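The basis for the numbers below is simple: all heavy atoms, side chains too, and nothing from hydrogens, waters or symmetry mates. The model shown is predicted, which means the values in this text are computed figures rather than measured ones. Here is the naming used below: chain letters follow the sequence lines, and residue numbers restart at 1 for every chain.
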Amino acid sequence: MAFAVTSGSAAEPEVTPGDRSKRARRVIAALVVLLVCTSIASLAVGASGTSLWGALGQLLRGEEIPQREAVILVDIRMPRLVIGVLVGASLAVSGAVMQGLFRNPLADPGLVGVGAGAGLGAISAIVLGGFLPVALQAWLSYYLVPVAAFFGGWITTILLYRISTSRGRTSVAVMLLGGIAIGALAGAVSGILIYMADDAQLRDLTFWGLGSIAGATWDKALVAGPLIVLALAATPFLARSLNGLALGEAPAAHLGIPVQRMKNIAILAVAAATGAAVAVSGGIGFIGIVVPHLLRLLIGPDHRYLLPAAALLGASLLILADMISRSIIAPAELPIGIVTATLGGPFFLWILLRNRSLLDL
Amino acid sequence: MLSATDIEVSLAGTPVLKGVSFHAQAGHVTAIVGPNGSGKTTLLRAMTGDLPYRGTVRLGEADIAAIPGWQLAAQRAVLPQASRIAFPFTVLEIVRLGMMASAEPPPERRASEALARVGLAGFEGRFYQELSGGEQQRAQLARVLTQVWDPVGPEGPRWLFLDEPVSSLDIAHQLDVMDLLGDYAARGGGVIAVMHDLNLTAMYADAVAMLAGGRTMAQGAPSVVLTDTTLSAAYGCDLRVNAAPDAPATYLLPHMARRAG
């Protein structure tokens with residue numbers, strides 16, 4: 001009985017066996033500290049050759065810092081940090097929400113074709129955006145790519161849910177195989193579009209598709225930020241309903257949960273978060289599956305704690321992966337997607353081998 | 001009073017219920033019995049709103065289709081036949097899910113009280129997935145109990161809809177759970193249970209509805225419904241209802257002539 005610990009010490013209030021909420025709150029507090037530390041480190045460490053620890057210290061003391069350091073800090077590292085936090089949080093939270101929605105720990109937007117769908121949206125916007133009416137182009141401007149990525153992700157999520165769910169039961173086998181098919185189809189159409197692209201568009205596509213947050217700017221942060229923040233803001237409302245959904249769709253409805261509305265909101269949130277993340281960073285894999293799984297081992301599957309904890313840990317992990325990606329072969333950079341895949345791939349296999357029965361194939 | 005009138009349900013184009021009417025009173029344990037495939041679970045699922053149906057289901061005066069989900073959740077709880085849980089929740093966490101339906105949060109200890117009532121005291125910290133089938137069924141019953149803890153609420157009697165609540169329990173736990181349901185009804189609540197075990201039904205039910213072939217074959221007091229003729233016709237085998245001299249309820253045996261040949 002791993003959690004049947006009753007502690008009677010004065011400092012520690014009595015813990016009800018099976019109640020992991022106190023532990024979850026402590027873990028969340030620790031994750032806040034971790035995020036603050038990784039954020040500061042990520043501002044200080046980089047490829048510029050000069051450590052900015054000194055500059056950061058000066059900044060904290062309210063002293064002037066040299067022009068060069070100020071530019072690196074404010075125009076390069078800060079937007080990169082902001083985008084790293086946003087993308088990491090959105091990948092981890094959309095993974096956790098999708099796993100709750102599909103009632104399976106293996107559902108992940110990147111794995112089941114939603115990332116590919118969002119990618120197709122982004123590529124369509126880059127290649128075909130020129131065919132849109134000029135007024136619409138001007139109105140959407142920077143937002144065209146993330147909005148298109150959002151719609152791509154949204155349509156694939158709905159498609160996937162329709163394919164894999166019948167009479168309130170979601171088949172994991174159909175979900176995974178359907179996801180592969182949808183992903184392949186989206187990839188094929190993306191390929192055709194890339195073939196059609198002209199040189200300028202190809203350059204855009206290459207930069208976009210690196211799976212990296214190296215090209216982070218304040219503009220990009222402002223474009224992706226609202227979609228991601230909106231999606232994250234919806235998750236506290238989803239948390240209780242996702243807990244009920246773990247019992248199944250009918251039992252959740254018997255608890256008074258408006259299941260259909262909640263599913264629609266969850267799908268929108270996943271699509272918005274994945275779409276925005278894909279639009280600014282290309283495809284960064286495995287955060288969405290590794291982070292929620294680790295946290296479930298640590299604090300249990302209660303989404304009221306799992307979702308905020310996933311946002312915090314996802315953000316920290318992405319920042320750490322980004323620090324590795326820009327320092328391991330400095331002054332060159334390894335795309336961050338390679339770092340997350342190298343660490344996440346084996347971890348994912350480990351989850352798979354431990355949970356074979358969950359596949360239900 | 002719960003009443004279902006002229007319920008018709010088709011699953012994948014095949015009519016499963018062909019105009020079933022069913023009534024249950026608060027303060028009674030009402031059993032739904034019948035052979036496999038007679039439509040027992042389908043009737044229960046229609047009455048809990050899980051399946052589209054034709055006809056009307058009324059809880060008191062109101063049509064259940066018109067009652068908002070959260071309001072219905074405060075008035076009735078549903079125990080499904082088998083439940084697979086998606087993630088590694090502890091037993092306590094599962095039972096507490098039943099409490100989310102309440103308008104005002106019930107006391108924390110309610111979950112442990114419910115577990116004690118189903119004979120699972122001390123199981124709070126165990127993982128649900130690691131319990132045996134019968135223990136899982138009782139943990140789910142505890143969750144359902146926390147949802148409608150007081151048999152009578154401000155809005156009237158509350159209801160338990162149970163799909164084979166004792167099917168995977170050993171005989172001692174079957175009796176415990178049936179005692180618990182009888183007590184819930186005695187305190188003013190309504191209990192509707194799909195039952196397989198005709199002897200337990202004879203012992204505990206205040207009213208019985210017998211389904212066969214998607215129709216109501218008989219409904220009323222156990223002594224009226226559970227007769228040699230009705231049972232033999234419904235189940236398609238020769239059954240005898242007997243009364244033990246010192247027991248208050250009747251008991252059933254297959255006609256021995258069948259084995260004797």
What part of [X] lies closer than 4.5 angstrom to a heavy atom of chain A: side chain, backbone, both or neither?
| X | answer |
| --- | --- |
| B:Gln71 | neither |
| B:Leu72 | neither |
| B:Glu130 | neither |
| B:Ile94 | side chain |
| B:Pro80 | side chain |

Quick check: do [X] and [Y] have side-chain heavy atoms less than 4.5 Å from each other?
| X | Y | value |
| --- | --- | --- |
| B:Glu93 | A:Pro301 | yes |
| B:Arg143 | A:Leu247 | yes |
| B:Arg96 | A:Asp19 | yes |

Exercise for the section: Please check if the side chain of B:Gln147 supplies one atom and the backbone of A:His254 the other of a donor-acceptor pair under 3.5 Å. Expected result: yes

Handout entry: Flag, side chain of A:Arg296 to backbone of B:Phe87, donor-acceptor distance under 3.5 Å
Key = no

Fill in the blank from the handout: Ranking B:Gly69, B:Pro88, B:Gly49 by heavy-atom pairs under 4.5 Å to chain A gives rank one to B:Pro88

Residues, nucleotides or ligands: over 12 heavy atoms within 6.0 Å of [X] [atom1]:
| X | atom1 | answer |
| --- | --- | --- |
| A:Phe237 | CZ | no |
| A:Trp154 | CH2 | no |
| B:Arg187 | CZ | yes |

Handout entry: Worked verdict on A:Leu255 versus B:Trp70 for side chain to side chain contact (heavy atoms under 4.5 Å, CB included)
Key = CA-CA 7 Å; A:Leu255 286 171; B:Trp70 57 269; over 6 Å; no

Exercise for the section: Select all residues of residues 302-310 of chain A having any heavy atom within less than 4.5 Å of some heavy atom of chain B, and report them by number, or 'none'. Expected result: A:Asp302, A:His303

Exercise for the section: Check whether A:Ile257 gets within reach of chain B through its side chain, its backbone, both or neither, counting any heavy atom under 4.5 Å. Expected result: side chain

